[in-house]
Protein chains: 2
Amino acid sequence: MKTYSISEVAKELNLTPYTLRYYDKEGLMPLVERTSSGIRLFKESDIAALKVIECLKSTGMPIKEIKNFIDWCSDGDSTLQQRYDMFMERKATVEAQMEELKKTMEVIEHKCLYYKTALDAGTEDIHKKAKIEISVTK
Amino acid sequence: MKTYSISEVAKELNLTPYTLRYYDKEGLMPLVERTSSGIRLFKESDIAALKVIECLKSTGMPIKEIKNFIDWCSDGDSTLQQRYDMFMERKATVEAQMEELKKTMEVIEHKCLYYKTALDAGTEDIHKKAKIEISVTK
DNA sequence: GCTTGACTTAGAGTTAACTATAAGGATTAA
DNA sequence: TTAATCCTTATAGTTAACTCTAAGTCAAGC
């Protein structure tokens, strides 16, 4: 079975060997095998596990909580409920983040339009004047 | 015109007075008026500006870059192009973040299903066994 | 007059997640 | 055999964005 060195894995995941050793130290990678001389041999399954970790990180989950999950994985079937609950909670978090991003996007798009109009007019005053026009013509 | 104290504004925006003073120090709020004794008087328009700042922050924009934008605002119409470009770039950033979140969501939802199945079966082995079944029955 | 909340400058502390260096050793490929 | 890459422990530095304390002042409301 093909294995990968720490720097190969780092390159693939856009991390550094420092970061991977740091994850290891923090207990995020308990399953990685070693040569007799201690060099890490990453299997595809280890890389897949790291991708899940990166996924959890991208939801804003702190490393210490990710470690809990890794520990639950080692503990076997008795922790299935916790792991299910955790992913359901993550799902809710990501849904909330999506909602937030949508609102952010609305503001940004509004600003894009605002500045497009101002740019076409050559001045930001166009937006202030618009209101005056309305009150005058009303 | 109604004005608000620093702690009223902080409460409204879910920040602290410390944070608002920090923003001020970093040049993010150049327009806030003061009493003769130096106390900040926030207008509705200042709160609106702070909401835009919070919006930019939520896109991951660092405070130093937000300061550039604030400076451009003070510089008037000559910076309209920069400001437009900035918001267009933010738009692209947020779109990319949405794509990322979608991918993240797919992984999370897959994991939810995985653990739901395992939980119903009482063991994670159900997923390993499934593959064996296929190869046996094939 | 006293409390509350505002202000200032200056600087220290916090947190998370890296990121790096030192010092020493082992292994592997050209 | 030499360079590159891996390992360790231990420790220190970095960065961003706060977060707080100290020490002293000021002003409004009860």
Side-chain angles (χ1 to χ4, degrees), chain A residues 2-43 46-47 50-70 90 93 97 100 104, chain B residues 2-43 46-47 50-70 90 93 97 100 104:
Chain A
K2 177 138 208 283
T3 59
Y4 303 84
S5 74
I6 196 166
S7 56
E8 283 171 331
V9 174
K11 188 169 281 183
E12 167 132 4
L13 299 176
N14 259 312
L15 300 170
T16 67
Y18 289 137
T19 306
L20 287 171
R21 288 194 200 102
Y22 167 70
Y23 285 177
D24 199 356
K25 200 166 58 183
E26 296 298 311
L28 261 47
M29 302 162 24
L31 305 163
V32 177
E33 284 178 23
R34 306 282 191 122
T35 64
S36 57
S37 59
I39 291 177
R40 291 175 186 84
L41 297 174
F42 292 81
K43 288 168 291 178
D46 296 323
I47 296 173
L50 278 165
K51 281 181 184 170
V52 174
I53 287 169
E54 290 305 292
C55 171
L56 289 172
K57 264 209 321 166
S58 78
T59 71
M61 196 174 193
I63 276 174
K64 285 185 181 177
E65 274 177 52
I66 298 177
K67 186 195 166 4
N68 290 341
F69 166 66
I70 300 294
R90 276 303 103 188
T93 302
Q97 286 170 348
E100 268 303 295
T104 297
Chain B
K2 177 137 207 284
T3 59
Y4 303 86
S5 74
I6 196 165
S7 56
E8 283 171 331
V9 175
K11 187 170 279 181
E12 166 131 5
L13 299 176
N14 259 311
L15 300 170
T16 67
Y18 291 135
T19 305
L20 288 172
R21 288 194 200 103
Y22 167 70
Y23 285 178
D24 199 357
K25 201 166 56 182
E26 296 299 311
L28 261 48
M29 302 162 25
L31 305 163
V32 177
E33 282 177 25
R34 306 284 190 119
T35 64
S36 58
S37 59
I39 290 177
R40 290 176 188 84
L41 298 173
F42 292 82
K43 288 169 291 177
D46 296 323
I47 295 173
L50 278 165
K51 281 180 182 168
V52 174
I53 287 169
E54 290 305 292
C55 170
L56 289 172
K57 265 209 320 167
S58 78
T59 72
M61 196 175 192
I63 276 174
K64 287 185 181 180
E65 276 177 52
I66 298 177
K67 187 197 166 1
N68 290 340
F69 166 66
I70 300 295
R90 278 302 104 188
T93 302
Q97 286 170 349
E100 268 304 296
T104 298

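Keep in mind the model is a prediction, meaning the values are calculated, not measured. A, B, ... follow the sequence lines: proteins, then strands. Residue 1 opens every chain.
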Within the structure shown, what part of the strands sits under 4.0 Å from [X] by heavy-atom distance: base, sugar-phosphate, or nothing?
X	result
Thr35(B)	nothing
Pro17(B)	nothing
Lys64(A)	nothing

d([atom1], [X]; [atom2], [N]) in whole Å:
X	N	atom1	atom2	result
Ile6(B)	dA27(D)	CD1	C1'	16 Å
Tyr4(A)	dT5(D)	OH	C1'	19 Å
Leu20(A)	dT8(D)	CG	C1'	16 Å

Going by side chain to side chain contact (heavy atoms under 4.5 Å, CB included), Leu56(B) matches just one of Ile63(B), Ile66(B), Leu28(B). Which one?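 The single option meeting the side chain to side chain contact (heavy atoms under 4.5 Å, CB included) with Leu56(B) is Ile66(B).
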
Output yes when Asp24(A) and Arg34(A) qualify as a salt bridge under the 4.0 Å nitrogen-oxygen rule, no when they do not.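 Salt bridge flag = yes for Arg34(A) with Asp24(A).
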
Salt bridge or not between Glu54(B) and Lys51(B)? Use side-chain N to carboxylate O under 4.0 Å.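 Here Glu54(B) does not pair with Lys51(B) in a salt bridge, since their nearest N and O are not under 4.0 Å apart.
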
Can you tell me if the side-chain N/O atoms of Arg34(A) get under 4.0 Å from OP1 or OP2 in dC7(D)?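 The answer is no; no side-chain N or O of Arg34(A) sits under 4.0 Å from OP1 or OP2.
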
Want to settle it: does Ser36(A) or Tyr18(A) sit nearer the 5' end of DNA chain C, counting the closest nucleotide to each?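 Upstream on the strand: Tyr18(A).
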
Compute whether any side-chain donor of one residue and acceptor of the other, for Tyr23(A) and Lys67(A), lie under 3.5 angstrom apart.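 Side chains of Tyr23(A) and Lys67(A): no pair found under 3.5 Å.
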
Decide if atom CD of Glu33(A) counts as having more than 12 heavy atoms of other residues, nucleotides or ligands within a radius under 6.0 Å.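 12 or below, so no.
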
Would you indicate whether Lys64(B), at its atom NZ, is surrounded by more than 12 heavy atoms from other residues, nucleotides or ligands within a distance under 6.0 Å?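 No, NZ of Lys64(B) has 12 or fewer neighbouring heavy atoms, counting only those of other groups under 6.0 Å.
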
Please list residues of residues 21-29 of chain A whose heavy atoms come under 4.0 Å from any atom in DNA chain C, ordered by number; otherwise none.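 Only Tyr22(A), Tyr23(A) qualify.
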
Any side-chain to backbone donor/acceptor pair from Gln97(A) onto Thr59(A)? Under 3.5 Å, distance only.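 Such a contact is found between Gln97(A) side chain and Thr59(A) backbone.
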
Side-chain (Glu8(B)) to main-chain (Ser5(B)) donor-acceptor, under 3.5 angstrom: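 Yes; at least one donor-acceptor contact below 3.5 Å.
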
Could you tell me the boundaries of the chain A footprint on DNA chain C, defined by atoms under 4.0 Å from its heavy atoms?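 In short, chain A contacts DNA chain C from dA17(C) to dT27(C).
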
Assuming nearest nucleotide by heavy-atom distance, tell me which of Arg40(A) and Ile63(B) is located more 5' along DNA chain D.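 Closer to the 5' end of DNA chain D: Arg40(A).
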
Could you work out which one of dC18(D), dA27(D), dC6(D) sits closest to the side chain of Ser37(B)?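 The answer is dA27(D), which lies nearest to the side chain.
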
Report the distance from atom CG of Leu20(A) to atom CZ of Phe42(A), rounding to the nearest 0.5 Å.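 Answer for the CG-CZ pair, Leu20(A) versus Phe42(A), is 5.0 Å.
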
